[in-house]
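Counting convention: from 1, in listed order, for ligands and their atoms alike. These numbers were taken from a predicted model, which means no experiment stands behind them.
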Amino acid sequence: MTKTVLITGGSGYIGSTIAHILVTHGFKVVIIDSLDKGYILNSPESACFYNGRISEKALYECIRCEIGKIDVTIHCASYISVPESEVDPVKYITNNVSEFVELLENLPIIDCKRLIFSSSASIYGNKQGALKETSAIAPQSTYAETKWLCEQIGGLAAEQGPLRIINLRYFNPIGTHPDGYCGPGDLNSGSLLNELTKAILSRTPFRITGTDYDTRDGSGIRDYVDVTDLAMAHAKACNLFDTLIDERAALDGPHRTRAINLGSGDGVTVKELIAAAEKALGRKIRTKKAPRRPGDVAGSYADASLAKDLLQWQASTPLETSILRHIDWWQRHRHQQPAPTPISLSSSRPDSVSTSHQP
Ligand SMILES: O=c1ccn([C@@H]2O[C@H](COP(=O)(O)OP(=O)(O)O[C@H]3O[C@H](CO)[C@@H](O)[C@H](O)[C@H]3O)[C@@H](O)[C@H]2O)c(=O)[nH]1
């Protein structure tokens with residue numbers, strides 16, 4: 001039977017990639033997006049699109065009436081900038097935590113008892129080496145704190161009600177959908193791949209922020225995971241949801257919530273990533289040493305063995321491919337910056353919106 005999946009933030013970078021992958025794999029996709037940060041043309045045309053905030057009860061009543069019951073909700077809608085969360089913590093708590101509580105209140109309207117939460121590896125804080133789901137939690141920023149709060153609040157909600165939750169903890173997503181349908185939405189996010197792209201497009205040296213870390217070459221280590229691989233893990237989690245939560249109870253105890261790391265399992269330094277980009281592009285990239293970013297960490301990577309065991313999932317896109325797609329996306333879409341003004345929809349359904357993936 002076709003599964004109907006609601007994706008909050010389904011016009012954002014990760015949410016829209018999940019939406020495209022789910023459509024390709026035969027799911028019926030419904031999206032709620034405020035278009036505050038997302039871009040409607042990122043979402044698949046066949047998705048049923050509802051423009052608004054996840055706290056708006058009326059949207060769920062419309063979905064219940066027009067679509068019916070939702071089998072799984074994937075909650076991606078959130079603010080994602082660590083520096084911004086430090087400058088305006090209340091904005092992050094309101095958007096990421098208060099709105100999440102309202103989502104929990106609204107899920108019964110669409111009769112949804114399965115929630116996949118987009119969590120973040122940032123909740124592990126400043127650690128080195130391979131991180132397991134059981135590694136100590138120590139959020140170092142308001143952004144990370146909001147993700148951890150949501151995991152805990154979800155846990156409390158799941159203890160008492162019929163709701164079950166899978167918390168997928170993302171490491172560093174990069175790349176785009178392979179067909180270029182959607183990609184990262186903010187070239188100025190400050191992330192390595194976006195900064196590298198800007199340096200390449202503007203023909204200026206790329207700044208390696210921190211060359212004195214206790215790592216194999218002095219630059220920071222991260223686990224870069226392709227966004228399409230990440231999206232595939234969500235498709236698997238949707239299909240295996242009940243197995244992971246209930247049927248494995250006999251094997252490792254009952255689970256109302258589960259956390260699963262989503263990373264490649266490989267730690268890559270900044271210098272190694274630049275070498276991979278040079279190989280992919282077939283040319284040298286100029287770099288210069290720069291001081292560490294405030295609050296930056298040497299870094300870590302995923303122990304991704306639980307995802308392999310439970311979801312039969314492993315990241316498979318080569319790093320060079322993700323880098324090429326990422327840079328190519330911005331070569332084609334950089335004039336889209338800053339994000340376009342949200343389109344005001346006359347109908348909440350997408351059928352009335354003519355979409356094209358070319359900006
Ligand atoms: O111009 C740059 C930008 C980054 N880096 C380095 O690249 C590495 C990765 O940086 P980045 O891509 O910003 O990743 P994170 O530091 O892991 O932070 C990102 O990933 C987190 C976990 O997903 C999110 O919470 C953050 O918002 C997001 O910025 C670090 O060593 C940085 O010092 C540079 O050398 N030069």
Review point. Side chain of Gln140, backbone of Ala138: donor and acceptor closer than 3.5 Å?
Key: yes
Would you tabulate the polar-atom pairs, meaning N/O of ligand 1 against N/O of the protein, with distances under 3.5 Å, reported to 0.1 Å?
{"residue": "ligand 1", "atom": "5 (N)", "partner": "Thr209", "partner atom": "OG1", "Å": "3.2"}
{"residue": "ligand 1", "atom": "10 (O)", "partner": "Arg293", "partner atom": "NH2", "Å": "3.2"}
{"residue": "ligand 1", "atom": "12 (O)", "partner": "Leu192", "partner atom": "N", "Å": "2.8"}
{"residue": "ligand 1", "atom": "13 (O)", "partner": "Arg293", "partner atom": "NH1", "Å": "2.9"}
{"residue": "ligand 1", "atom": "13 (O)", "partner": "Arg293", "partner atom": "NH2", "Å": "3.1"}
{"residue": "ligand 1", "atom": "14 (O)", "partner": "Asn172", "partner atom": "ND2", "Å": "3.1"}
{"residue": "ligand 1", "atom": "16 (O)", "partner": "Arg222", "partner atom": "NE", "Å": "3.4"}
{"residue": "ligand 1", "atom": "16 (O)", "partner": "Arg222", "partner atom": "NH2", "Å": "3.0"}
{"residue": "ligand 1", "atom": "16 (O)", "partner": "Arg293", "partner atom": "NH2", "Å": "2.8"}
{"residue": "ligand 1", "atom": "17 (O)", "partner": "Asn172", "partner atom": "ND2", "Å": "3.0"}
{"residue": "ligand 1", "atom": "17 (O)", "partner": "Arg222", "partner atom": "NE", "Å": "2.7"}
{"residue": "ligand 1", "atom": "23 (O)", "partner": "Phe171", "partner atom": "O", "Å": "3.4"}
{"residue": "ligand 1", "atom": "27 (O)", "partner": "Ile80", "partner atom": "O", "Å": "2.9"}
{"residue": "ligand 1", "atom": "33 (O)", "partner": "Thr209", "partner atom": "O", "Å": "3.1"}
{"residue": "ligand 1", "atom": "33 (O)", "partner": "Thr209", "partner atom": "OG1", "Å": "2.8"}
{"residue": "ligand 1", "atom": "33 (O)", "partner": "Asp296", "partner atom": "OD2", "Å": "2.7"}
{"residue": "ligand 1", "atom": "35 (O)", "partner": "Arg207", "partner atom": "O", "Å": "3.4"}
{"residue": "ligand 1", "atom": "35 (O)", "partner": "Thr209", "partner atom": "N", "Å": "2.9"}
{"residue": "ligand 1", "atom": "35 (O)", "partner": "Thr209", "partner atom": "OG1", "Å": "3.1"}
{"residue": "ligand 1", "atom": "36 (N)", "partner": "Arg207", "partner atom": "O", "Å": "2.8"}
{"residue": "ligand 1", "atom": "36 (N)", "partner": "Thr209", "partner atom": "OG1", "Å": "3.4"}

Review point. Under 3.5 Å, is there a donor-acceptor pair linking the side chains of Glu66 and Tyr50?
Key: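 Yes.
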Check your understanding: Applying the 4.5 Å side-chain criterion to the ILVMFWY set and letting contacts propagate, would Leu192 and Trp329 be lumped into a single cluster?
Key -> no
Exercise for review: Answer yes or no for Lys37 and Tyr79: cation-pi contact, defined as NZ/CZ to six-membered ring centre under 6.0 Å and angle to ring axis within 45°.
Suggested key: yes
Review point. What closest approach, in Å, do Pro173 and Phe171 show between heavy atoms, and which atom pair accounts for it?
Key: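 Taking Pro173 first and Phe171 second, the nearest heavy atoms are CD-O, 3.0 Å.
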Check your understanding: Which class fits the ring pair Phe100 and Phe117: parallel under 30°, tilted 30 to 60°, perpendicular over 60°?
Key -> tilted
